Number of protein chains: 4
Amino acid sequence: MRADAARNRARLLEAAEKVFAAKGVSVPIDEIAAAAGVGVGTLYRHFPTKEALFEAVVVSRLESFVHAATDAATSDEPGRVFFDFLYRFARQAALKRDLFDALLVAGIDIKSQCADLVGELEGGIEHLLERARDAGDVRADVTVKDVIGLVMGTCNAASQANLDEAACDRMIGVVCDGLRADG
Amino acid sequence: MRADAARNRARLLEAAEKVFAAKGVSVPIDEIAAAAGVGVGTLYRHFPTKEALFEAVVVSRLESFVHAATDAATSDEPGRVFFDFLYRFARQAALKRDLFDALLVAGIDIKSQCADLVGELEGGIEHLLERARDAGDVRADVTVKDVIGLVMGTCNAASQANLDEAACDRMIGVVCDGLRADG
Amino acid sequence: MRADAARNRARLLEAAEKVFAAKGVSVPIDEIAAAAGVGVGTLYRHFPTKEALFEAVVVSRLESFVHAATDAATSDEPGRVFFDFLYRFARQAALKRDLFDALLVAGIDIKSQCADLVGELEGGIEHLLERARDAGDVRADVTVKDVIGLVMGTCNAASQANLDEAACDRMIGVVCDGLRADG
Amino acid sequence: MRADAARNRARLLEAAEKVFAAKGVSVPIDEIAAAAGVGVGTLYRHFPTKEALFEAVVVSRLESFVHAATDAATSDEPGRVFFDFLYRFARQAALKRDLFDALLVAGIDIKSQCADLVGELEGGIEHLLERARDAGDVRADVTVKDVIGLVMGTCNAASQANLDEAACDRMIGVVCDGLRADG
DNA sequence: CATGAATGAGGCTTCATTCAT
DNA sequence: TATGAATGAAGCCTCATTCAT
């Protein structure tokens, strides 16, 4: 791939992330192209479909989470590491508001690549969860999906309600305390 | 109001609730009319705008919550009543998936009536929360908005992820335990 | 026809005249029914079509002009009578602004009854014109259609431009002077 | 601007002029697009609104009138030039039937550019009128608005009644004679 | 290869007319 | 019979996608 093509692709992803976040998934694709400083044609050369562009944005987000989970996998303080991960996860999700919502809500099905990554991410978190549970730091009855749902849901709610960072931390704190408790 | 008009209005609300929930707010309005078994014109006679229809659906939902909060306001077991309310709230929200998300996400501003009801509902929950807090059953640092965000967010997440009722209860359980804890 | 039916018909005609004049021919028919204080159903019982209602309105207007022309037919001052008629005609037309415009412009073809009345009116004016011409008070080269066009066109223009009565009189004065002149 | 875009814009203007003239302002916009041999989308790329398209058509017409008025401004035979202008004006207006009516009648407000041009045109004609009046060739009591109303109204009437060119000339002749007369 | 003009299906809404009450 | 609710074709406009430049 030529250097300028690569640069355009990067610009498009960045612009798409911003614009999707700011205006929702239903934003006209021309607006994204404009924000990236390229023509629609160029956008379509890199992403065959609006949906494909959206997926690519989500994928890039997921990837960073997967890396974080992998990095945290081999600590010797499983509990601390697990909860730290949740906080970091939450903060990220809170920052990039509307994107995950959009992903979950807007009726755009997650496809191929995305599904794989989601699986990987779940796997990574499950690993962290199990180690924390084995160490007695997390109650026994919750599943990965519960954990992800709790954190993501809370973040979404916080961002949708325009709550500040303090509120978001407080809410995640509640969730973490709930996870620690003996049920 | 004539009998048939009332029947059609009810059908429309019901259909809209279902269809919005199943396919998101961006569903074509004709589909709702078809689901209700009436022509588009009839829909527009009852609701002057797609947005108005959506609002009406949300309002009817909110109203039932407000009633529940009011009913629970005068118990002598504030803690139990508060958490019971949250469970009921959650179960309702989980059943009617995607609607509240949509409300919060889809860029449709809440208007007039809706805003009032939301305010009322917040007031009602705040009352329950304060009584439970005064009774020492809930930690001191959380606000109504936190509570609502936690419950709603969790429910949304659960429904989006197609989790079953058990998972949803488990998640709400985590949240409630977190709220009980001393922070 | 029952008394109340007749009253409804009259009310509808009156309302239609006002509403058409105020808002143009493209006004929704419900608005006319509402202005007349009856339901649309009643309107349709009296006039099978929006166009038919419009035609009826125009007919009633034309009839009054025809009567005026007939009344003026037998004067012994043909010139004065002719120009007086034009002034009266103009004033009427100017008052009921938008109706004739609408009639002429809006693509609604004149039908049956209307056409007959227009013919009658033209006949009446032609009679006045001929007598005035024979008396040497009007130049020889103009036709009835010219006269009607000049007066109606001027009135329409005046009303469209929101000119006041003085301006309208001035303009008709110009036209009349032009008609008097020897060409 | 790209060559094809310019060509399409021109085609659209031309088609719009014809179609508006033939069928009135209420003609569906798809019909204009079809007449121009382009898709609706193209029409909307060039003119953001039906009204904007209409305005553009009117503007192009007005411009030619303004130029004519400017060209005639510095003659040394003010009377002849003034009446010549009116004849030319009339002939143009008569050719493009229904457009100006539509403009004046159909409830489409003249906006920005249009208003400016109308002002310019009025100014131009006023200049001609004053010079002709000063030369003693036109009666003293008429205003520009009167003159414009008389000519435009007459032309509209002529075209609406499907009168031929001779009749139109005759009618304008009457108006001009009326303007010359001493009132 | 980049651009942005062109396309047209499809969305929301209006309104003349019909029909149940 | 009067009413006004129901109907649905048709209008205006948007926007994902294709294609000429």
Side-chain angles (χ1 to χ4, degrees), chain A residues 1-2 4-5 8 26-34 36-53, chain B residues 1-9 11-12 26-34 36-53, chain C residues 1-2 4-5 8 26-34 36-53, chain D residues 1-9 11-12 26-34 36-53:
Chain A
M1 184 183 283
R2 270 167 45 179
D4 54 347
N8 276 340
S26 64
V27 77
I29 213 161
D30 302 50
E31 227 164 290
I32 295 174
V38 304
V40 241
T42 305
L43 191 158
Y44 272 90
R45 169 164 299 276
H46 288 286
F47 305 95
T49 284
K50 189 188 185 182
E51 200 176 322
L53 171 60
Chain B
M1 181 182 280
R2 250 165 58 179
D4 55 346
R7 197 176 55 243
N8 278 336
R9 191 174 198 284
R11 274 187 195 167
L12 277 165
S26 64
V27 74
I29 214 163
D30 303 45
E31 223 165 293
I32 294 174
V38 304
V40 240
T42 303
L43 192 158
Y44 273 92
R45 165 171 287 272
H46 288 286
F47 306 96
T49 285
K50 189 188 186 183
E51 199 175 323
L53 171 60
Chain C
M1 183 183 282
R2 270 167 44 180
D4 55 347
N8 277 341
S26 63
V27 75
I29 213 163
D30 302 49
E31 227 164 289
I32 295 174
V38 304
V40 240
T42 305
L43 191 158
Y44 272 90
R45 168 165 298 277
H46 289 285
F47 306 95
T49 285
K50 189 187 185 183
E51 201 176 321
L53 170 60
Chain D
M1 182 182 278
R2 253 164 58 178
D4 53 348
R7 196 177 54 244
N8 278 335
R9 190 174 198 286
R11 274 187 195 166
L12 277 165
S26 64
V27 75
I29 213 162
D30 302 48
E31 223 165 293
I32 295 174
V38 305
V40 239
T42 304
L43 191 158
Y44 274 93
R45 166 172 286 274
H46 290 286
F47 306 95
T49 286
K50 189 188 185 184
E51 198 176 324
L53 171 60

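Just so we're clear, the structure is a prediction, and the values are computed from it rather than from any experiment. A note on names: the letters A, B, ... follow the listed sequences, proteins ahead of strands, and every chain is numbered from 1.
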Rounded to the Å, how far apart are [X] [atom1] and [N] [atom2]?
X	N	atom1	atom2	value
D:Lys50	F:dC13	NZ	C1'	12 Å
C:Glu31	E:dT14	CD	P	13 Å
D:Ile32	F:dG11	CD1	P	12 Å
B:Arg45	E:dA20	CZ	C1'	13 Å

- Query: Considering heavy-atom distances to DNA chain F, does C:Val40 or B:Leu43 have its closest nucleotide positioned more toward the 5' end?
  - Reply: C:Val40
- 5'-most contact on DNA chain F (nearest-nucleotide basis), B:Asn8 vs C:Asn8, goes to C:Asn8
- Note on the structure: Looking only at E:dA5, F:dA5, E:dT13, the nucleotide nearest the B:Tyr44 side chain is E:dT13
- Is there a Watson-Crick or G-U wobble partner for F:dT21 with both distances under 3.5 Å, and which nucleotide is it? E:dA2
- For E:dA9, the Watson-Crick or wobble counterpart (both distances under 3.5 Å): F:dT14
- Might you point out which heavy atoms bring B:Val38 and B:Leu43 nearest each other, and give the distance in Å? CG2-N, 4.5 Å
Looking at [X], I'd like to know whether one of its side-chain N or O atoms comes within less than 4.0 Å of OP1 or OP2 on [N].
X	N	result
D:His46	E:dA5	no
B:Thr42	F:dA5	no
D:Arg2	E:dG4	no

- How is B:Ile29 classified with respect to the nucleic acid when contacts are heavy atoms under 4.0 Å: base, sugar-phosphate, or nothing? base
